[in-house]
Amino acid sequence: MQQRIQLATGGGEIVPGSICTMTQRHLMQIETLWKNMLIEAAQADMGWDWDYKLRLATTDDRLRLMSLNKKMSCMVLYWLKRSGIVRS
């Protein structure tokens with residue numbers, strides 16, 4: 001799944017982006033680009049095991065791991081879990 005979107009930068013510029021299902025490429029970006037920054041900033045998500053979450057999402061239909069991207073670079077990862085409750 002991939003959806004093209006427009007993102008606003010901190011300076012107010014509108015740039016192209018996308019939301020898509022997380023892949024191994026996104027995981028590599030997190031490990032190489034973001035992990036050290038999260039550790040240095042002592043962020044709460046610095047120890048999250050995204051590899052484990054990606055494996056879970058590929059085997060459980062209730063789980064979705066999504067990536068928000070700007071210029072092919074992962075900016076945000078988010079984890080969705082469907083409850084299984086459907087209301088009309």
Side-chain angles (χ1 to χ4, degrees):
M1 175 250 158
Q2 181 169 347
Q3 178 67 45
R4 296 199 182 282
I5 60 172
Q6 292 185 336
L7 302 168
T9 66
E13 179 186 0
I14 302 298
V15 297
S18 65
I19 298 174
C20 64
T21 304
M22 184 180 160
T23 65
Q24 192 67 33
R25 178 180 63 86
H26 298 112
L27 179 62
M28 288 175 51
Q29 287 181 2
I30 294 301
E31 294 294 329
T32 58
L33 299 174
W34 291 105
K35 196 139 197 165
N36 287 336
M37 287 188 279
L38 294 172
I39 291 169
E40 287 176 20
Q43 294 294 311
D45 55 352
M46 67 184 172
W48 288 2
D49 188 348
W50 288 105
D51 180 47
Y52 173 71
K53 291 180 183 203
L54 180 57
R55 282 182 282 141
L56 278 180
T58 58
T59 59
D60 189 332
D61 288 340
R62 296 172 301 154
L63 306 174
R64 296 286 182 267
L65 204 49
M66 306 299 290
S67 174
L68 177 69
N69 307 294
K70 179 180 128 185
K71 296 183 182 177
M72 299 299 291
S73 293
C74 180
M75 299 282 108
V76 176
L77 292 178
Y78 55 100
W79 174 254
L80 304 170
K81 182 177 180 182
R82 293 188 294 169
S83 67
I85 299 171
V86 178
R87 295 188 177 133
S88 54

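Side chains included, hydrogens not; waters and symmetry mates left out as well; all remaining heavy atoms used. As the structure is a computational prediction, the values presented were derived from the model and not from experiment. Throughout, numbering of the chain's residues begins at 1 and tracks the sequence.
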With K81 as partner, the option from D60, L56, L63 fulfilling side chain to side chain contact (heavy atoms under 4.5 Å, CB included) is L63
Should the heavy atoms of other residues, nucleotides or ligands under 6.0 Å from CE of M28 be counted, would the total exceed 12?
-> no
Heavy atoms from other residues, nucleotides or ligands near CD of Q6 exceed 12 (cutoff 6.0 Å) = no
Interatomic distance, I30 atom CD1 to S67 atom OG [nearest 0.5 angstrom] = 7.0 Å
Residues at least two apart in sequence or cross-chain that pass side-chain contact (heavy atoms from CB on, under 4.5 Å) with K53, listed by chain then number, are W48, W50, L65, W79
Do L54 and Y52 belong to the same hydrophobic cluster, where Ile, Leu, Val, Met, Phe, Trp and Tyr are linked whenever their side-chain heavy atoms lie under 4.5 Å apart, directly or via other members?
-> yes
Qualifying side chain to side chain donor-acceptor pair (under 3.5 Å) pairs, either residue in residues 16-25, two or more places apart | S18-N69, T23-H26
Closest heavy-atom pair, D61 versus R64, reported as atoms and distance to 0.1 Å, is O-NH1, 2.9 Å
